[in-house]
Amino acid sequence: MITLAQRIEQLRTDAGYSRAGLASALGFPKGAFDKFETGRATPTKEQQAKIADFFSVSLFYLRGESNDPTRQEDWIDMPVEEDEPGYVPMPSPRAKAKAPKADSPAQEGGSLLDSLLSGRQAQAALRAAVLEVLRSPEGQALIAKAVHKELSRGR
């Protein structure tokens, strides 16, 4: 996984700025990017937002949490086409299923899958995978469609 320091260095060099030149362009202290890129200092939230705005990337991309540089403002305002292929409807609420009887040993403690998913590491890995999918262009398109559909329902 790429770090914040590595991403800042990559964006700066790709844009052709020196460390001092970028600091000057953003109004940061002269040695700020020396410290940011070597990991001796971490930019504040405000500084991170300023850097992300300067390079027109999302904060997720800047922090190395995503490989998609798309900014939220860029995809959330995209027009949504009705009945576009790939649309996934929201699940309808279901009646609660009856709990299984604990007749067998496997059901007493839950299924094997339940025990695997109850671990913190598995939950963290599943959460990270879901967030990565939601941050992808396809995931963002699905979110935009769902929001648009919900907003149009209220009219």
Side-chain angles (χ1 to χ4, degrees), residues 1-17 19 21-23 25-28 32-33 35-39 41-100 106 109-155:
M1 186 166 153
I2 193 164
T3 65
L4 173 64
Q6 292 168 326
R7 185 73 79 192
I8 291 172
E9 182 178 17
Q10 173 198 3
L11 289 167
R12 178 187 59 77
T13 56
D14 289 351
Y17 283 92
R19 288 176 174 174
L22 183 56
L26 290 171
F28 292 179
F33 283 92
K35 292 178 183 176
F36 296 159
E37 291 180 15
T38 59
T42 301
T44 64
K45 288 181 182 181
E46 293 80 18
Q47 289 172 326
Q48 290 177 26
K50 201 169 186 179
I51 295 167
D53 286 342
F54 184 80
F55 291 111
S56 297
V57 297
S58 69
L59 283 170
F60 296 116
Y61 181 78
L62 180 69
R63 294 179 188 140
E65 297 169 359
S66 171
N67 289 327
D68 179 14
T70 307
R71 296 170 54 102
Q72 183 176 10
E73 301 83 38
D74 295 341
W75 64 264
I76 199 73
D77 294 328
M78 291 186 316
V80 178
E81 296 179 23
E82 297 293 328
D83 301 325
E84 188 172 306
Y87 173 73
V88 178
M90 297 296 290
S92 60
R94 296 185 209 162
K96 289 186 178 182
K98 292 181 182 177
S111 69
L112 179 60
L113 182 59
D114 289 340
S115 62
L116 287 174
L117 293 177
S118 66
R120 287 187 180 158
Q121 285 181 323
Q123 289 175 355
L126 184 60
R127 181 178 187 276
V130 168
L131 288 175
E132 185 65 27
V133 168
L134 290 176
R135 290 180 185 133
S136 72
E138 296 85 2
Q140 292 173 1
L142 287 173
I143 292 170
K145 287 177 190 175
V147 168
H148 177 33
K149 185 166 184 158
E150 287 298 317
L151 290 176
S152 65
R153 255 191 223 175
R155 292 181 187 171

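Both backbone and side-chain heavy atoms feed into the values below; hydrogens, waters and symmetry mates do not. Residue indices begin at 1 and follow the sequence shown. Fair warning: this is a prediction, and the values are worked out from it, not measured in the lab.
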**Study point:** Closest approach of Gln6 to Thr3 (non-hydrogen atoms, all atoms of both residues)
**Key:** OE1-N, 2.8 Å
Practice item. Check step by step if side-chain contact (heavy atoms from CB on, under 4.5 Å) holds for Ile2 and Gln10. Key: CA-CA 10 Å; Ile2 193 164; Gln10 173 198 3; 3.8 Å; yes
Review point. Using 30° and 60° as the class limits, which term best fits the ring planes of Phe33 and Phe28: parallel, tilted or perpendicular?
Key: parallel
Check your understanding: Under the 3.5 angstrom rule, does the side chain of Gln140 hit a backbone N or O of Arg135 as a donor-acceptor pair?
Key -> yes
Exercise for review: Applying side-chain contact (heavy atoms from CB on, under 4.5 Å), run through Arg12 and Arg19 and close with a yes or a no.
Suggested key: CA-CA 8 Å; Arg12 178 187 59 77; Arg19 288 176 174 174; 3.5 Å; yes
Review point. When rounded to the nearest 0.5 angstrom, what distance separates NZ in Lys50 from CD in Glu46?
Key: 10.5 Å
Check your understanding: How about Phe54 and Tyr17: are their ring centroids closer than 6.0 Å?
Key -> yes
Check your understanding: If you measure from CG on Leu134 to OG on Ser66, what distance do you get to the nearest 0.5 Å?
Key -> 11.0 Å
**Study point:** Rounded distance (nearest 0.5 Å) linking atom CD of Gln48 with atom CD1 of Ile51
**Key:** 7.0 Å
Check your understanding: NE2/His148 to CD1/Ile143 distance, rounded to the nearest 0.5 angstrom?
Key -> 15.5 Å
Practice item. Answer whether the closest heavy-atom distance between the side chains of Ile8 and Pro43 falls below 4.5 Å. Key: yes
Point to revise | Residues Leu22, Leu11; criterion side-chain contact (heavy atoms from CB on, under 4.5 Å); working and verdict | key: CA-CA 10 Å; Leu22 183 56; Leu11 289 167; over 6 Å; no
Point to revise | Heavy-atom check, side chain of Ser58 versus side chain of Asp68, under 4.5 Å | key: no
Practice item. To the nearest 0.5 Å, tell me how far Phe36 CZ sits from Thr42 OG1. Key: 8.0 Å
Check your understanding: What distance separates Glu65 CD from Arg7 CZ, expressed to the nearest 0.5 Å?
Key -> 10.0 Å
